[in-house]
Structure formats: structure tokens, C-alpha cells
Amino acid sequence: MNAPAKTEEFVPTVPAGVFAETVTSVQHYTDRLFRFRMTRPDSFRFRSGEFAMIGLVVDGKPVYRAYSIASPAWDEELEFFSIKVPDGPLTSHLQQIKVGDQVLMRKKPTGTLVLDALTPGKRLYMFSTGTGIAPFASLIRDPETYEKFDEVIVTHTCREVAELKYGFDLIEEINGDEMLSEIVGGKLRHYATVTREDYAFQGRITDLIVNGKMFADLGVPHFDPAVDRAMICGSSAMLKETKALLEQAGLTEGANSKPGEFVIERAFVD
Ligand code: A2P
């Protein structure tokens, strides 16, 4: 018998402007959080800190949500850190994905949490809550971050200690990587706090800024617009309150078209 001709193979239809990529690993942290990695198309270019529209076909229709790309621009794969929403139109399905499954991704990445949107400075704060750490997972693995800043402080606040694991694993990965750790050169600091469990560092980042505990814990001076730059990624309320504190300290918001002293982006999926 002849083998079936190549043209008879089943080829799923992928809409124009969309990549269909293959899941290479999935790791569940808690019943609310997981990360996955997938193949990266050769032609897909992005700046560390940007987001892409990620999707799955649900009941015959593609459903997309914005996801920050958690891997750096040089990585040959793409990584995402996701929340699991029980009835979420996308995440209720996405949390079931397994290695080998296909995930859709629109071809155009975008976003404001990019180094180009900041004016030069010395210390870069990255304030995150929950999955808001994702764009910073990308940026803290990008050599350009350390070319531009002398000190990089990633803050991550979650409800529970188990939700901090993604961040701790990331720091461990960086420290354990010979090339990356040399590039980082001791400039990276990780400040993790929780709000609903006992832990060495407790409280919302906004409260820890207002009462000065964050500065005391890190041994750094209060915000100074001359040297400090910041990126914020979390819920709408967290963004609004953190932004107000930076503005009170004299920092102004920037954008791709007009760089400034801080930039913000919502951690999209909820
Ligand atoms: P809290 O436990 O006090 O609500 P979530 O999982 O709901 O996205 O929250 C992630 C973290 O963000 C939690 O620790 C939560 O604290 C904190 N958080 C929620 N709202 C704000 C806010 N307006 N400003 C700063 N942190 C916030």
C-alpha cells in the first residue's frame, strides 16, 4: 500500500495574522496560578516587557486575552504566567493545556512596560502584584535592563506565600545561570510580601511605601525623580494607588512616544 500523500494530511486552519504554537511545558503553582512555555515562531519579534494576545478555540470560536510575555526577547521559547479563573472564558480552558497542545497567538505584540518608555536613571523599581510579575520576568532576564540601570528592584505582593513561588524560582534560575548571573552582576533585588498569611514581609506594597517600611527593608532612600524610575503591573486599583504615590514623589508617567519616569500596565486577565 502507498503511504498517504502529504497533501492528505490534516492541516488545522489557522486564521491569518495568528500563529499556532505548541506547548512545551506546564507548571501549576497553586489552584490560582500556573505558567506555560510554548514554541516561538522565528518571525515573532518583541521587546522584553510587551504583551501578546493569546487564545484557544473554544466551542469552535477563538477566544483571546492579553498576556504579558514572561520570557526575555532572546529566549527561543515563549513563557506566560497565568491566573486560573474558574469561569474565565479563556483561563478556564487554558489551565487544562498539556504539553503538545496548540495555543494561538496574534502576530503583533505591544505594550508600555518597555525600557524605551523610561528616561535614563539609576534605580529601576518594578512593582507587581499576582501575575503582574510576568512582564518583569522578561525584563529581569534581559541584559539591556542592566546596561541601563545600576540597581533593579522587583517587588512582588501576593495573597499567600505559595503564590510567590514563581518569582523565587525565577531569581534562583537567574542566579544559577552562569551567563545571566554575570550580566546581572548583583544589581537585581527581589522584595516579596504577602497580605493574607504570616510571613517575614507582610503588607500591600502601597502601604509599605507610605509607612516607609519598603525603603527601610531595602536600605534605600525614598523616591527621588532624579535617579529613580518605575514600572507598575497589577490590578487597576493597585496601579492607580501606586501611580499616585510615584506622582506625589514627583515622578511623571511616560509612554513609548514620550519617555518618562514611570510606566504602568494592567495585569490583564481577570
Ligand atoms: P489584599 O490581600 O490586601 O487584597 P489579587 O490576588 O486579588 O490580584 O491580589 C494580589 C495582591 O495585590 C494581594 O496581596 C492584594 O492585597 C494586593 N492588592 C490588591 N489591591 C491592591 C491595591 N489597591 N494596592 C496595592 N495592593 C493591592
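Counting convention: from 1, in listed order, for ligands and their atoms alike. The structure presented is a predicted model; accordingly, all values stated were derived computationally and were not measured.
In terms of the side-chain contact (heavy atoms from CB on, under 4.5 Å) criterion, residue partners of Val227 (sequence neighbours excluded) are, by chain and number, Lys122, Asp224. The side-chain contact (heavy atoms from CB on, under 4.5 Å) search around Glu253 returns Lys243, Phe262, Ile264, not counting sequence neighbours.
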Mind listing the side-chain donor-acceptor pairs of residues 204-212 below 3.5 Å, one per line with the distance, residues two or more places apart or on another chain?
residue: Asn211; atom: OD1; partner: Lys213; partner atom: N; Å: 2.9
residue: Asn211; atom: ND2; partner: Asp207; partner atom: O; Å: 3.3

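Using a 4.0 Å cut-off between a side-chain N of Lys or Arg and a carboxylate O of Asp or Glu, Arg40 and Glu77 do not qualify as a salt bridge.
In this structure, a donor-acceptor pair under 3.5 Å is present between the side chains of Thr252 and Glu261.
If you look at ligand 1, the protein residues with a non-hydrogen atom under 4.0 Å away are Arg32, Thr129, Thr157, Cys158, Arg159, Thr195, Arg196, Arg204, Thr206, Ala237, Met238, Glu241.
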Starting from the C-alpha separation in whole Å, work towards a yes-or-no answer on ring pair (Phe, Tyr, Trp, His ring centres under 6.0 Å) for Phe223 and Tyr125. CA-CA 10 Å; Phe223 296 136; Tyr125 285 97; 5.2 Å; yes
